[in-house]
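First comes the structure, then the notes that go with it.
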Amino acid sequence: MVETNVIELSKVTKLFGPVKAVKDLNLKIKKGEIFGFLGPNGAGKTTTIRLLVDIIRPTSGEINVFGQNLKDTPHLLRSRIGYLSCEDTTFREWTGKEHFVFLQNIRGIKSNNLKTLITRLDFNPKAKVKTLSSGNLQKLNFILALMFNPELIILDEPTKALDPILQHEVYKILREFNNKGATIFVSSHNLSEIESFCTKTGIIKKGVLVSTEDVNSLKAKQMFNIDIYPLDKIDMNVFKIPVVDSVEKLPTGMRLKVKGDINPVLQIISKYKIKDISIGKASLEEIFLEFYK
């Protein structure tokens, strides 16, 4: 049977006492997608990920991974998943090498990409965990997640503590896995990362999935920033029209935030003498914040 949806959540709710960490979550992720899960701390990202890897169980609803109910065969499904937690789960007195040997013994197989990952991330496997910087500790956890060539890679804030060069290498490695068929689910509040790396996004707010969008369609939402530096005096009230979301006064001009068609705004501007003008599309972050409103 061909697996089309690698991940499928149906009406998933997770309660912690009276608190609903996740509420009626419906989500489908197809094989080969790179899915970015967006939201600030406390939105429900980590809870969702822990449900996906069977660390915790849903209060209600159903989770299918690779077309199988997660609660029925979690041990078989876990062998196909690489998981990077946002929390460190390593042993402080062990070296990286001891962690690698331990996992290989548990799996009963040798990793065929371990040396490559160690080299590419410039990681010292002989150092004890307690001596590692936060960046090197993140490297270790990343290697542990990928060392068995998983079909599904689930990452919770994967590049925290990494410098920009290493962040670039991490995403380069992940794209290579994706090109070989791996599906990737990555949670983040770093919008620039999601914009440059993911093909699809889900936006979560207070445990509720607000929207699911292709990254390109999300960026294509019509939102603009228009900076105007007039020679004539312009009464800001003339921009009180439906497409103008806000008007901000600048030292020698004004900034308009526009949603939708900018032509009505340009028609107004054309009636005045202008020293300078700049028109730019809103960033993904601004679009994201608009969704969050």
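- Side-chain contact, Asn225 with Lys257: a donor N or O sits under 3.5 Å from an acceptor N or O.
- Not a single donor-acceptor pair under 3.5 Å links the side chain of Ser10 to the backbone N or O of Gly61.
- Of the possible donor and acceptor atoms, one in the side chain of Gln104 sits under 3.5 Å from a partner among the backbone N and O of Ser111.
- A donor-acceptor pair is defined here as one N or O able to donate and one able to accept, closer than 3.5 Å; no such pair exists between the side chain of Asp214 and the backbone of Lys200.
- At distances below 3.5 Å, at least one donor-acceptor pair connects side-chain atoms of Asn113 with backbone N or O atoms of Leu146.
- The salt bridge (charged side-chain N to carboxylate O under 4.0 Å, His left out) contacts involving residues 170-190 comprise Arg120-Glu176, where partners must be two or more places apart or lie in separate chains.
- For the pair Lys139 (side chain) and Phe123 (backbone), a donor-acceptor distance under 3.5 Å is absent.
- Thr13 contributes no side-chain N or O that, together with a main-chain N or O of Thr59, makes up a donor-acceptor pair within less than 3.5 Å.
- Of the possible donor and acceptor atoms, one in the side chain of Asp163 sits under 3.5 Å from a partner among the backbone N and O of Leu166.
- With respect to Ile49, the side-chain contact (heavy atoms from CB on, under 4.5 Å) criterion is satisfied by exactly one of Ile154, Ile56, Leu84: Ile154.
- At distances below 3.5 Å, at least one donor-acceptor pair connects side-chain atoms of Thr199 with backbone N or O atoms of Ile34.
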Donor-acceptor pairs are to be reported for all side-chain atoms of residues 125-135 against protein atoms at under 3.5 Å, with residues two or more places apart or in another chain.
unit_1, atom_1, unit_2, atom_2, d
Lys130, NZ, Glu93, OE1, 3.2
Lys130, NZ, Glu93, OE2, 3.3
Thr131, OG1, Lys128, O, 2.7
Ser133, OG, Asn136, N, 3.2
Ser133, OG, Asn136, ND2, 3.2

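- Contacts classified as side-chain hydrogen bond (donor to acceptor under 3.5 Å, both in side chains) and involving residues 266-277 (residues at least two apart or in different chains) are not found.
- The side-chain contact (heavy atoms from CB on, under 4.5 Å) with Leu9 is formed by just one residue from the set Leu209, Asp24, Ile63, Leu70; it is Ile63.
- For Asn112, the side-chain contact (heavy atoms from CB on, under 4.5 Å) test picks out Asn149, with sequence neighbours left out.
- The backbone N or O of Arg57 sits less than 3.5 Å from a side-chain atom of Lys14, completing a donor-acceptor pair.
- Side-chain contact check for Leu144 versus Phe100: some heavy-atom pair is nearer than 4.5 Å.
- In this structure, Asn26 contributes its side chain and Lys11 its backbone to a donor-acceptor pair below 3.5 Å.
- Between Phe35 and Lys28 there is no side-chain heavy-atom pair separated by less than 4.5 Å.
- For Phe102, the ring pair (Phe, Tyr, Trp, His ring centres under 6.0 Å) partners are Trp94, not counting sequence neighbours.
- Not a single ring pair (Phe, Tyr, Trp, His ring centres under 6.0 Å) links Phe142 to another residue, sequence neighbours left out.
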